[in-house]
Amino acid sequence: MTFIEALSLLKPYRRQMGAIMALALAISAVSMVTPFVNRNMLDEGLLQGDTAVVIRLVLLLILLQVGGQLIEYLQRLLEIGVTNALGKKLKTEAFAHGLKLKPGYFKEQGFYKTISDALYDISNIMSIASNSFMIIFVIICKCIGALIGLVILDWRLTLFVLLIMPVKLWLNAAIRRRAEKRSRELMEDNKSYNAWLSGILSGVIDVKLWNLREKVTSEYESHVGTINRSSKKLSLLNARNRFFTAGVEFTLMNGLYILGAYLIAGGRLTFGGLMAFITFTAYVLMPVNVIMDLRIILRQISPSVEGLRRFHALEEERYGPGLPFGDKVSVIEFRDVSVTLGDREILKGFNMKVSRGETVAIVGDNGSGKTTVVNLLLRLCEPDEGQILMDGIPITEYNIEDYRQRFSVVYQDIHLFEGTVRDNITFGESGDIPYGGDEGLRFCTEAIESWEERYETQVGSDGGKLSGGEQQKIALLRALYRKAEILVLDEPTSNYDKESEVEFRRYIERDMDYDFCFIVTHDMGVAEKADTIYHLS
């Protein structure tokens, strides 16, 4: 990552950056004047014993100090605003991009790890670099003013200060390369931890059932230890950089005292002038240090920048403009569809043609490809060969959100969001839930309406306060509430009791009102209510 690339991130905040630069100029003006006031106070006040001059110049120094602090406060206020806005923008863009990615990426790494890695990269970039990019404007302005002041005071001392710079640059170049290596190691350790934690979070019940607490705790301790070691190496490298830099500066400052003594003895420099020169020297060294530190920082964040670029390069689903849908879909067709996962064929040459008004059941043993057919239909995966068509048009030609809007789905792995039963059925839409008088759905609504808070009952994290059957019934009510054209049910009765299974079959047979209905099931009692049954083997 170059400095120009880093600054390009700040383009949307030109107005704020302009104000920050204006304040930087004001701060540099205050900084440039202060050493000359100090010089006059020493030469014309303290050394001459003139109390009135000392008092007047001390009051001026106080005014300059208060004014400078106020300006720096205002600048910091603007910096925080820009930093927070930029961080929010980058994280929101990354999260939105993550939600648009093709689902296949999440099968490889999981959504949590994919997003966590990207957010870690952004946090790493922002925490290390944001303040350094902001402060660089102030430092550069101070440096220009200080160099002018140095030359005014004494060109010989100025030359001595400039000659020390190559030593600092050489030290910086040596440390910069190592900083990138250490930062890359720390990034990989954090991403390895995210992958491990993603698996543990999704399997915490198994950790309990198989008494893996001690094993998992030991693994956690190992991951944290690895991260701490990498972080320690990077911190110590930065500490060594500061140590050597401070040593060079200490030598320089003491050398200035020696040279200054000769100039004072020769009458070519006053004592106050030497003190002012030393103050200006600090103003010059500070930007040099910041710029060199910034080069190290850019090396440190380079792995995160590369990781973020790779994340944003991942292919999204088709959210752009697509073909418009007609009023009604007449035919859905799978034509010679094949899917391979690794070296295993899931589907081979699969054909299915379904007309509007038809209910289709898909049955078969575990691993025969039933859920894969549903995933293909919902565009959660893509065929390796063949096509899926709606009225002769490949479904990939449609905008993905417009396409999925035509489906209501009860998935095999049910997820309920934190909130109430109503929230999980309507997703925040206002209005009544239209199931009170539907006798066909009493097997779903009866239990809910018997609870004290009815549809305002909290479901808990991932529906944890409800039984599996209750979760499945809420998922069915959610699907029916959407009123889409195509209903997809993946093992819809797997957690039902016998009575609910019977009632569900009656509902399929008598009350189901969808243009298309696809049911994946092991329950032949449900399958027999369909118009067509596809057996997969």
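These figures come from a predicted structure and were not determined experimentally.
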Student: Salt-bridge test for Arg356 and Glu485: reply yes if a basic N is under 4.0 Å from a carboxylate O, no otherwise.
Tutor: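 The answer is no: the pair does not qualify as a salt bridge.
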Student: Going from NZ on Lys465 to CD on Gln458, what distance comes out if it is rounded to the nearest 0.5 angstrom?
Tutor: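 If we round to the nearest 0.5 Å, Lys465:NZ and Gln458:CD are 6.0 Å apart.
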Student: Under a 4.0 Å threshold between the charged nitrogen and the carboxylate oxygen, would Glu449 count as salt-bridged to Arg442?
Tutor: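 Between Glu449 and Arg442 there is a salt bridge, with a charged N closer than 4.0 Å to a carboxylate O.
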Student: I would like to know whether Ile486 and Tyr514 meet side chain to side chain contact (heavy atoms under 4.5 Å, CB included); could you show each step before the answer?
Tutor: CA-CA 6 Å; Ile486 306 165; Tyr514 279 82; over 6 Å; no
Student: For Ser494, enumerate each residue passing the side chain to side chain donor-acceptor pair (under 3.5 Å) test, keeping only those at least two apart in sequence or located in another chain.
Tutor: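 Per chain and number, Ser494 pairs via side chain to side chain donor-acceptor pair (under 3.5 Å) with Gln472.
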Student: With sequence neighbours excluded, what pairs up with Asn190 under the side chain to side chain donor-acceptor pair (under 3.5 Å) test?
Tutor: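 Result, side chain to side chain donor-acceptor pair (under 3.5 Å) vs Asn190: Tyr120.
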Student: With side chain to side chain donor-acceptor pair (under 3.5 Å) as the rule and sequence neighbours excluded, what pairs involving residues 395-404 come up?
Tutor: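 Output for this query lists Glu317-Arg404.
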Student: Could you measure the distance from the CG atom of Leu78 to the CZ atom of Arg15? Nearest 0.5 Å is fine.
Tutor: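 These two atoms lie 12.0 Å from each other.
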Student: I'd like to know if Arg229 pairs up with Asp189 as an ion pair, taking the criterion as any Lys NZ or Arg NE/NH1/NH2 lying under 4.0 Å from an Asp or Glu carboxylate oxygen.
Tutor: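 No, this pair does not count.
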Student: Minimum heavy-atom separation for Ala479 and Val410, please, with both atom names.
Tutor: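 Smallest heavy-atom distance, with atoms named: CB-CG2, 3.7 Å.
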Student: Rounded at 0.5 Å granularity, tell me how far OG1 in Thr420 sits from OH in Tyr455.
Tutor: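 Reported value, rounded in 0.5 Å steps: 11.5 Å.
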Student: Between OG of Ser338 and CG of Asp384, what distance do you get to the nearest 0.5 Å?
Tutor: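 Between atom OG of Ser338 and atom CG of Asp384 there are 7.5 Å.
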Student: Under the side chain to side chain contact (heavy atoms under 4.5 Å, CB included) criterion, do Ser116 and Lys191 qualify, and how do the steps go?
Tutor: CA-CA 8 Å; Ser116 293; Lys191 293 187 175 183; over 6 Å; no
Student: Rounded to the nearest 0.5 Å, how far does OG1 of Thr426 lie from CG of Leu477?
Tutor: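 Output value for this atom pair is 11.5 Å.
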Student: Go through the steps for Val520 and Val373 under the test side chain to side chain contact (heavy atoms under 4.5 Å, CB included), then give the verdict.
Tutor: CA-CA 9 Å; Val520 172; Val373 172; 6.0 Å; no
Student: Please work out whether the ring planes of Phe443 and Phe504 are parallel, tilted or perpendicular, with thresholds of 30° and 60°.
Tutor: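 Phe443 vs Phe504 ring planes: perpendicular.
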Student: With a 6.0 Å cut-off (strictly less than), is the heavy-atom count around CD of Glu446, excluding the residue itself, greater than 12?
Tutor: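 Check fails, neighbour count at 12 or below.
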Student: Ring centres under 6.0 Å, that's the criterion: do Phe417 and His415 meet it?
Tutor: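 Yes: the rings meet the under 6.0 Å criterion.
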Student: In plain terms, say whether Lys473 and Glu470 are close enough for a salt bridge, that is, a side-chain N and a carboxylate O under 4.0 Å apart.
Tutor: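 Answer for the salt bridge query: no.
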Student: Is a donor from one side chain sitting under 3.5 angstrom from an acceptor on the other, for Ser500 and Asp497?
Tutor: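 Distance-only check passes for Ser500 and Asp497.
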Student: Under 4.0 Å between a side-chain nitrogen and a carboxylate oxygen: does that hold for Arg76 and Glu72?
Tutor: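 Result for this pair is no, no salt bridge flagged.
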Student: Look up atom CD1 in Ile474 and atom CD1 in Ile414, then write down how far apart they are to the nearest 0.5 Å.
Tutor: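 Reported to 0.5 Å precision, the distance equals 9.0 Å.
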